[in-house]
Amino acid sequence: MTAHAITPQVESRLVPAAVAAAVLVAATAAWAILARRMAGMDMSPGGGADGLGSLGWFATTWVVMTAAMMLPGSTPAVVRAVRERRPAAASTAAFVTAYGALWLLAGLAGYAGVQTVRALHLGALSWGSAGRYIAAATVVAAGLYQLTPVKRRWLERCVAPEPLLGGTGFRGALQAGARHGVCCVACCWTIMVALYALGFMSITWMVVATVLIAGERLVPRRPLAVAAVAVVLVAAGAGIAAAPAAVPALSIPASAGHHAMGMGM
């Protein structure tokens with residue numbers, strides 16, 4: 001079939017399918033890269049004794065991690081934003097770039113906060129002291145955030161069926177990606193903080209977080225999915241406080257010198 005034989009109706013079906021496929025391929029590639037980067041890393045909460053690594057290592061890992069975790073649930077938003085903008089490939093790249101930039105800014109802000117606290121060398125934050133309970137409270141708080149009106153409003157913006165606002169072409173796709181990035185960060189930042197408390201380097205908990213994030217956006221019964229995410233997080237937090245050894249895939253620090261929240265050495 002030649003390009004001239006493709007009718008507007010056929011193109012309107014092919015472009016969204018191609019965009020969705022490209023986004024999912026990118027997410028799959030990000031998972032493959034992430035698995036290699038995390039091989040042999042300390043899976044303890046907060047990054048273990050080594051913390052979050054250098055700024056360059058963290059920034060690269062964070063970008064790959066957010067691509068792997070966030071793109072599956074954001075695929076419908078990318079399709080909506082690109083559907084009315086051409087060329088589709090350039091618009092998709094612009095959307096994802098702006099979206100990733102927002103997540104990178106959020107990650108760098110978190111990195112700065114964590115490194116500042118770690119520099120204080122607060123022994124009280126060790127796993128054997130208050131660190132375990134801070135980690136537990138962090139995960140429980142993330143679960144409770146699921147049930148707030150703030151969470152509901154941001155999630156509704158993330159999954160709104162109408163196309164994302166923005167101008168036409170490449171610039172419009174950038175604007176749409178940035179707007180969706182703001183919504184996504186506001187909607188999911190507590191889950192990412194909970195991931196940090198459960199094990200920033202843990203592929204298992206990254207997969208769990210990805211399923212939770214994608215599930216609450218893609219399943220038909222969204223309120224039920226949101227409540228399910230809350231239950232999972234609250235249960236995990238309670239488990240860390242009461243019986244950490246029973247929490248699946250939780251890598252308990254080998255000594256009291258490891259810090260549950262990565263806030264000291």
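- Using modelled atom types, one side-chain atom of Thr148 and one backbone atom of Tyr145 make a donor-acceptor pair closer than 3.5 Å.
- Not counting sequence neighbours, the partners of Leu218 by the side-chain contact (heavy atoms from CB on, under 4.5 Å) test are Pro76, Ala214.
- Between Arg37 and Thr60 there is a side-chain heavy-atom pair separated by less than 4.5 Å.
- Side-chain contact between Val247 and Ile252 is absent, with no heavy atoms from C-beta onward closer than 4.5 Å.
- One finds the OG1 atom of Thr28 at 11.0 Å from the CD1 atom of Ile33 (value rounded to the nearest 0.5 Å).
- Other members of a hydrophobic cluster containing Leu24 are absent, since no ILVMFWY side chain comes under 4.5 Å of it, directly or through relayed contacts.
- With sequence neighbours excluded, no residue forms a side-chain hydrogen bond (donor to acceptor under 3.5 Å, both in side chains) with Trp189.
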The test is side chain to side chain contact (heavy atoms under 4.5 Å, CB included); show your working for Thr66 and Met192 and say whether it passes. CA-CA 9 Å; Thr66 52; Met192 299 302 283; 4.3 Å; yes

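- Closest non-hydrogen pair, Cys183 versus Trp154, comes out as CA-CE3, 3.6 Å.
- Under the side-chain contact (heavy atoms from CB on, under 4.5 Å) criterion, Leu144 pairs with Val140, Val234, not counting sequence neighbours.
- Hydrophobic cluster membership for Val25: none, as no Ile, Leu, Val, Met, Phe, Trp or Tyr side chain comes under 4.5 Å of it.
- Nearest heavy atoms, Pro244 versus Leu250: O-CD2, 3.6 Å.
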Please tabulate, for the side chains in residues 223-232, all donor-acceptor contacts under 3.5 angstrom to protein atoms that are two or more places apart in sequence or on a different chain.
none

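- For the pair Ala209 and Ile191, the tightest heavy-atom approach, listed with the atom from each and the gap, is CB-CG2, 4.1 Å.
- One finds the OG1 atom of Thr210 at 8.5 Å from the CG atom of Leu195 (value rounded to the nearest 0.5 Å).
- Among residues two or more places apart in sequence or in another chain, the side-chain contact (heavy atoms from CB on, under 4.5 Å) test is passed with Leu34 by Trp31, Met38, Thr61, Val64, Met65, Ala68, Ile203, Met206.
- For the ring-ring contact (aromatic ring centres under 6.0 Å, His included) test, residues two or more places apart in sequence or in another chain that qualify with Trp62 are Phe58.
- Scanning all heavy atoms of the two residues, the minimum distance from Ser202 to Ala249 falls at OG-O, 4.1 Å.
- Closest approach of Val139 to Gly237, counting heavy atoms only: CG1-N, 3.6 Å.
- Closest heavy-atom contact between Cys184 and Trp103: SG-NE1, 3.5 Å.
- Hydrophobic side-chain contacts under 4.5 Å tie Val219 to no other Ile, Leu, Val, Met, Phe, Trp or Tyr residue.
- For Ala26, the side-chain contact (heavy atoms from CB on, under 4.5 Å) criterion is met by Leu71, not counting sequence neighbours.
- Evaluation of the side-chain hydrogen bond (donor to acceptor under 3.5 Å, both in side chains) rule for Tyr111 yields Gln115 as partners, not counting sequence neighbours.
- For the atom pair CE of Met70 and CD1 of Ile213, the computed distance is 3.5 Å after rounding to the nearest 0.5 Å.
- If you check the side chains of Arg217 and Ser74, you find a donor sitting under 3.5 Å from an acceptor.
- Taken together through direct or relayed side-chain contacts under 4.5 Å among Ile, Leu, Val, Met, Phe, Trp and Tyr, Leu105 and Met69 form parts of separate hydrophobic clusters.
- The salt bridge (Lys or Arg N to Asp or Glu O under 4.0 Å) analysis of residues 140-152, with sequence neighbours excluded, yields the pairs Lys151-Glu216.
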